[in-house]
Q: 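What follows is a structure written as structure tokens; I'll ask about it next.
Residue numbers start at 1 and run along the sequence shown.
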Amino acid sequence: MNLINIAMTGLNANRVALEVTAQNVANINTPGYSRQQALTASIGGAKQDSLSAGMGVEVTSIRRVTDGFLVKQLWSTNSSASYAAGYTTSMGHLENTLGADGFSLSTGLDSMFAALNDATTKPESQPLRQQIINEAEALSRRFNALNDALHHQHKDMSDQRTAAVSHANSLLGNIAAVNQQIMEMKGAGGHSAQLLDTRDLLIGELSTVMEVKTTEQGDGTVQVTLASGQPLVMGGDAGQLKAIPDPNDSYMASLQVEFGKQSFAISGSVGGQLGALNDYQTEVLKPNQVAINDMARALADEFNTVLATGTDLNGDAGTPLFSYDPSNPAASLTITDITSSELALSSDGTPGNSDVLKRLIEISNKPVDVTGFGNVSLNDAFTAMVGETAIKARQAHSDYEAKLDMNQQALAQRNNLSAVSSDEEAGNVMTFANAHNANMKVISTANELFNSVLQLF
């Protein structure tokens with residue numbers, strides 16, 4: 001009987017719909033899961049039977065509820081938020097370092113010149129002369145400590161880059177593997193929703209490491225490239241990201257993509273975590289290291305040059321107060337083995353003469369060449385560095401808050417469409433269960449009619 005056959009199609013269709021609903025409910029807390037829907041269509045009746053209402057219903061497909069635009073928008077904001085998070089973290093760390101009392105060059109310079117000023121009252125005083133040497137040593141140690149702190153951060157940036165590149169390469173390999181599985185499943189006519197969710201989740205994670213672009217292919221795979229076009233994943237094949245160390249600074253590196261036998265250079269920022277690391281190193285950290293080296297070199301050279309024109313308490317020509325390695329002045333800055341009697345503070349050897357001492361004091365306001373800050377005094381250079389860092393740190397934090405808000409909005413838009421709603425699925429269970437029971441009632445009614453007919457004989 002057609003009545004039973006029609007009802008059976010209804011039973012099967014609603015059973016599939018219930019299974020899809022059960023799958024959704026089971027994955028309500030699964031990260032990256034996209035809810036599914038059973039799509040149905042009416043089965044038409046025979047062409048020669050004008051009185052046939054139809055032959056029931058069939059499930060034409062199981063739809064994965066997603067929107068490519070919303071997903072790509074989420075990936076894009078992932079990159080922006082990750083970049084902003086990395087940059088503001090680094091800027092905050094630098095601001096705290098420069099603002100710490102133990103690293104303050106301004107405090108050390110003030111103490112140094114205060115000791116010089118104190119010595120003007122009695123230039124031949126051994127305690128006052130020794131105080132100058134003590135403050136010079138303390139100042140050199142401040143340079144050493146600040147240089148070490150920036151060096152450690154520089155190394156940490158390099159370590160983070162190495163980890164990020166390794167993580168990215170692992171993700172690229174996984175995306176290519178899932179691409180291959182999707183292509184094979186599509187060829188076999190299978191349902192690839194779970195694989196598509198997995199791939200989206202992997203690309204989403206990759207987008208936090210660097211900004212990527214994707215292009216869907218006809219075989220179900222997706223092509224992944226950098227924003228600047230270098231290929232990362234094509235079908236079942238994945239490229240490898242490489243960090244090439246700078247020959248002049250092993251903690252700096254340029255990036256390139258190796259795909260098969262080809263290498264593609266990467267110019268400009270790659271966005272995401274890697275972009276933030278590179279931009280912070282090249283735009284902020286490295287220039288500050290250069291500036292601090294310039295300050296250490298200028299301090300030593302200015303003091304040593306002036307002292308060389310004077311005469312010490314023994315009547316001998318002046319000797320240097322500071323020494324340093326020209327290849328890394330801030331790290332190596334130290335005082336010589338000069339004694340208090342050997343400080344050449346006099347221009348003519350007279351113990352009470354302070355002509356050279358006054359010229360040393362004038363260094364406090366003397367402009368020196370500091371890369372990135374122009375011709376300024378040592379104190380002004382460091383003050384400008386601290387102030388500039390504070391401004392950049394605030395800007396970076398504001399940018400992070402804005403980018404994070406955009407990312408959260410993009411995630412909410414994606415989830416509003418694709419995430420599982422417990423209320424909606426509860427309603428679907430009732431709807432499909434009632435439809436299933438109604439079809440059972442149709443079959444029961446058809447059986448009763450059939451039995452009634454049999455009783456006529």
Side-chain angles (χ1 to χ4, degrees), residues 27 30-34 64 66 68 71-83 85-86 157-188 190-245 253-278 407 414:
N27 287 277
T30 301
Y33 178 79
S34 299
R64 178 173 170 262
T66 187
V71 172
K72 289 184 179 182
Q73 179 177 259
L74 177 60
W75 294 341
S76 176
T77 59
N78 278 351
S79 298
S80 299
S82 180
Y83 178 97
M157 296 291 104
S158 177
D159 292 342
Q160 288 184 49
R161 180 190 295 109
T162 300
V165 167
S166 177
H167 183 45
N169 287 333
S170 175
L171 291 170
L172 293 175
N174 290 338
I175 292 169
V178 175
N179 256 352
Q180 184 67 33
Q181 293 175 52
I182 290 174
M183 182 167 55
E184 292 171 356
M185 183 165 286
K186 184 175 181 180
H191 185 54
S192 57
Q194 182 271 328
L195 291 172
L196 293 171
D197 284 345
T198 299
R199 188 176 67 188
D200 280 1
L201 205 59
L202 290 170
I203 296 175
E205 190 172 351
L206 179 65
S207 69
T208 65
V209 181
M210 54 190 175
E211 185 178 1
V212 295
K213 301 295 182 184
T214 59
T215 306
E216 289 75 17
Q217 305 298 305
D219 59 2
T221 63
V222 66
Q223 178 178 309
V224 184
T225 67
L226 286 172
S228 49
Q230 293 86 344
L232 297 174
V233 177
M234 298 183 71
D237 299 320
Q240 288 284 293
L241 202 62
K242 298 287 185 181
I244 311 301
S254 59
L255 297 176
Q256 69 179 36
V257 177
E258 293 184 359
F259 203 103
K261 296 181 180 180
Q262 291 183 294
S263 294
F264 301 89
I266 301 173
S267 58
S269 178
V270 296
Q273 180 188 3
L274 278 173
L277 289 171
N278 184 71
N407 184 232
R414 180 267 173 199

Q: Which heavy atom of Arg199 sits nearest to which heavy atom of Ile175, and what is that distance?
A: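 Taking every non-hydrogen atom into account, CG-CG2, 4.3 Å.
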
Q: Give the minimum heavy-atom separation between Leu274 and Ala164, together with the two atoms involved.
A: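 In this case the closest contact between Leu274 and Ala164 is CD2-CB, 3.7 Å.
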
Q: Could you measure the distance from the CG atom of Leu255 to the CE atom of Met210? Nearest 0.5 Å is fine.
A: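 If I round to the nearest 0.5 Å, the distance is 9.0 Å.
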
Q: Under the side-chain contact (heavy atoms from CB on, under 4.5 Å) rule, what do Asn278 and Val270 come out as? Steps first, then yes or no, please.
A: CA-CA 9 Å; Asn278 184 71; Val270 296; over 6 Å; no

Q: Output yes when a side-chain donor or acceptor of Asp197 lies under 3.5 Å from a complementary backbone atom of Ser34, and no otherwise.
A: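 Yes, the answer is positive, given that a donor and an acceptor are paired below the 3.5 Å cut-off.
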
Q: Is it the case that the side chain of Ser166 and the backbone of Ala163 share a donor-acceptor pair, with hydrogens and angles ignored and the cut-off at 3.5 Å?
A: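 Side chain of Ser166 to backbone of Ala163, a donor-acceptor pair under 3.5 Å: no, none is there.
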
Q: So Asn407 and Leu74, do their side chains get closer than 4.5 Å, heavy atoms only?
A: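 Yes, their side chains come closer than 4.5 Å.
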
Q: Between Asn78 and Thr208, does any side-chain donor sit less than 3.5 Å from a side-chain acceptor?
A: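 No, no side-chain donor-acceptor pair sits under 3.5 Å.
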
Q: Checking the side chain of Ser207 only, and the main-chain atoms of Gly204 only, is there a donor and an acceptor separated by less than 3.5 Å?
A: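 Here the side-chain-to-backbone pair exists.
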
Q: Does one side chain, of Ser228 or Gln230, offer a donor that lies under 3.5 Å from an acceptor on the other?
A: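 Distance-only check passes for Ser228 and Gln230.
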
Q: Mind checking the CG-CD spacing from Leu206 to Glu211? Nearest 0.5 Å is all I need.
A: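 Taking CG in Leu206 and CD in Glu211, the distance rounds to 11.0 Å.
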
Q: The test is side-chain contact (heavy atoms from CB on, under 4.5 Å); show your working for Val222 and Ile182 and say whether it passes.
A: CA-CA 10 Å; Val222 66; Ile182 290 174; over 6 Å; no

Q: Nearest heavy-atom pair of Leu172 and Ala238: which atoms, and what distance?
A: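 Looking at all heavy atoms of both residues, the shortest contact is O-CB, 3.4 Å.
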
Q: Check whether Lys186 reaches the backbone of Thr221 with its side chain - one donor and one acceptor, N or O, closer than 3.5 Å.
A: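 Checked: no pair found.
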
Q: Output all residues satisfying side chain to side chain contact (heavy atoms under 4.5 Å, CB included) with Thr30, sequence neighbours left out; order by chain, then residue number.
A: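 Applying side chain to side chain contact (heavy atoms under 4.5 Å, CB included) to Thr30 gives Asn27, Tyr33.
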
Q: What pair of heavy atoms forms the shortest contact from Tyr83 to Ser269, and how long is it?
A: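 Looks like CE1-OG, 4.0 Å.
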
Q: Which heavy atom of Ala168 sits nearest a heavy atom of Val209, and at what distance?
A: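 Where Ala168 meets Val209 most closely, the heavy atoms are CB-CG1, 4.0 Å.
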
Q: Would a 4.5 Å heavy-atom cut-off, applied to side chains only, mark Trp75 and Thr214 as touching?
A: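 Trp75 reaches Thr214 side chain to side chain.
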
Q: Will you find, in the side chains of Gln194 and Thr198, an N or O donor that is under 3.5 Å from an N or O acceptor?
A: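 A donor-acceptor contact under 3.5 Å links the two side chains.
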
Q: Apply side-chain contact (heavy atoms from CB on, under 4.5 Å) to Asn179 and Gln217, showing your working.
A: CA-CA 10 Å; Asn179 256 352; Gln217 305 298 305; over 6 Å; no

Q: What are the two closest non-hydrogen atoms of Val165 and Ala243, and how far apart are they?
A: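 For Val165 and Ala243, the tightest heavy-atom pair comes out as CG2-CB, 4.4 Å.
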
Q: Are Thr225 and Thr215 close enough that some pair of their side-chain heavy atoms sits under 4.5 Å apart?
A: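 The answer is no; the side chains never approach within 4.5 Å.
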
Q: Just how far is it from atom CZ of Arg64 to atom CG of Leu196, taken to the nearest 0.5 Å?
A: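 Between atom CZ of Arg64 and atom CG of Leu196 there are 4.5 Å.
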
Q: Which pairs with one or both residues in residues 158-168 pass salt bridge (Lys or Arg N to Asp or Glu O under 4.0 Å), sequence neighbours excluded?
A: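 Sorted pair list: Lys155-Asp159.
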
Q: Closer than 4.0 angstrom, basic N to acidic O: yes or no for Asp200 and Arg414?
A: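 No, Asp200 and Arg414 are not salt-bridged.
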
